[in-house]
Protein chains: 2
Amino acid sequence: MQDDAALESQSMQLMVADGLRARIIAGELETGVGLSEIALASEYGVSRTPVREALKQLQTEGLVQIRPRVGTFVSTPTRADIVELFQMKEILEGAAARLFAARGEIPELEALRSNVVASDAAVARDDVDGYAALVGDFHDLIVRGSGNRKLRTHYTMLMNQLAYPRLVATSLSRPGRLVESDAEHGRVLAIIVSKDESTAERLMREHVRASQEALLGAMTFPGETGMAR
Amino acid sequence: MQDDAALESQSMQLMVADGLRARIIAGELETGVGLSEIALASEYGVSRTPVREALKQLQTEGLVQIRPRVGTFVSTPTRADIVELFQMKEILEGAAARLFAARGEIPELEALRSNVVASDAAVARDDVDGYAALVGDFHDLIVRGSGNRKLRTHYTMLMNQLAYPRLVATSLSRPGRLVESDAEHGRVLAIIVSKDESTAERLMREHVRASQEALLGAMTFPGETGMAR
DNA sequence: CCGCGTCATCTTGCATGCAAGTGACCCTAG
DNA sequence: CTAGGGTCACTTGCATGCAAGATGACGCGG
């Protein structure tokens, strides 16, 4: 129920898909909730057809689950899924850091420097929300800096399944994790600058794992993750 | 082709999607060729709707490209795409080998042993086609043995984009590569058995890279690899 | 009171019709 | 012969109607 009427330059199904994806990631649509085609159609002011195609795409992206003749639901990752997603995060970000380190001076490196500077400042003034946003940018920069678009595409897809952005703040709620995280970012940057590929991968993986452990420690588990119904 | 009419237990769109995917991977449908919805519809004996949904899925899988109001075409990977896909192959298989090594005695390990035995035999009798098939199984077993289903899902998606199965035979055409490849498989197996995670990852990555180099050396390049545009 | 069978309703799957845009071909003029 | 313009056929995007299946409720019988 929003600004559809205005920017209708692109296809309806893309609008619906993007809108739905954003809402799912943001947690606006809770996991397990039913998505009626007809309801979404009237909500977006289109017919069922583009809604169906959008849902189909979100299904192959792993965000929704279509049960034939029953209904479409926001995917509810199992605990095993979450573990697997975290593994993938570690693998892909580690590999990205390695590739990044091998590339030398690229635009993303300068952006990464700025990010770390800004992060230090945010930590200094204890701006958790600001830092959380910078963390998102940091990891995205790492992945972009790999120079491998497929890696980035699939990384994004996987992180969407985790609704990752919402988790960052949680992981930072752990006492001491904020400054620790910031320090790790600085070390990763330094080692990328030094073009030490292997160490870059190792440091990045360690950083990702540390974040995950902080998160898991601060997390009330799936089904009830601050997602009350 | 009306073999479909018999086993229509599952959805039409799934049938179409699977059929098309298989044909694309097998190289039956060359890259760049146009896929008319209406033509496919009559070919599969269904209406345009399920065909459209199948194509939409194949698009998000990266196998076809839908140009609005123009047509749908089998994706034509650029050279950069291929490089990226190979990088991903190395990353994911390396990571899979590491995870595999950490898991110890699992069914996939026994299957892997059988595979290596069969591969040795195939090489001994110079059965290239047989060995090529076993190579496919070997790599799939490695990925399955990671125990990470997301890894396998995305790995499969990426390899589909490469139409990888067709490439294996090509890479083995290089003189000496056959026995070399087989020996590498044996070493990978041995190190997984020994549960040396880091070495498993390294060996696997080296093996993947060696295969790629053999392939690139034996390959008349995109544009003329049976991949006309 | 409890269990079971039937039915109504809601869901998606598929077929079809229409609209709009694109690209190619042909025809014409210079 | 070449360049330009205009038309036409073909493409996908979207809307709608119908059918089949699944789910849950309701009522009946034990």
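Not measured: the values here are computed from a predicted model. A note on names: the letters A, B, ... follow the listed sequences, proteins ahead of strands, and every chain is numbered from 1.
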Item checked: Smallest separation among heavy atoms of A:F86 and A:L162, with atom names -> CE2-CD1, 3.5 Å
Note to self: Could you tell me if the side chain of B:M12 sits less than 4.5 Å from the side chain of B:E53, heavy atoms only?
What the structure shows: no
Notebook entry, point to check: How are the rings of A:H207 and A:F138 set relative to one another: parallel (under 30°), tilted (30 to 60°) or perpendicular (over 60°)?
Noted result: perpendicular
Check: In whole Å, what is the span from the CZ atom of B:R48 to the C1' atom of C:dA19?
Finding: 12 Å
Notebook entry, point to check: Taking only residues two or more places apart in sequence or in another chain, which ones pass salt bridge (Lys or Arg N to Asp or Glu O under 4.0 Å) with A:E84?
Noted result: B:R149
Next item on the list: Using a heavy-atom cut-off of under 4.0 Å over every strand shown, decide if B:L55 touches base, sugar-phosphate, or nothing.
Entry: nothing
Checklist line | Nucleotide C:dT12, atom P - distance to NZ of A:K56 in whole Å | finding: 14 Å
Check: Closest nucleotide of DNA chain D for A:P50 versus for A:V70: which of these residues is on the 5' side?
Finding: A:P50
Next item on the list: Take atom CG of A:L35 and atom P of C:dT11, then tell me their distance rounded to the nearest Å.
Entry: 12 Å
Next item on the list: Determine whether more than 12 heavy atoms belonging to other residues, nucleotides or ligands lie under 6.0 Å from atom CZ of B:R67.
Entry: no
Item checked: Whichever of A:T49 and A:R69 has its nearest DNA chain D nucleotide further upstream toward 5' -> A:T49
Note to self: Going 5' to 3' along DNA chain D, between which two nucleotides do contacts with chain A fall, using a heavy-atom cut-off of 4.0 Å?
What the structure shows: D:dC14 to D:dA22
Next item on the list: Using the test salt bridge (Lys or Arg N to Asp or Glu O under 4.0 Å), find all partners of A:D127 that sit at least two apart in sequence or belong to another chain.
Entry: A:R125
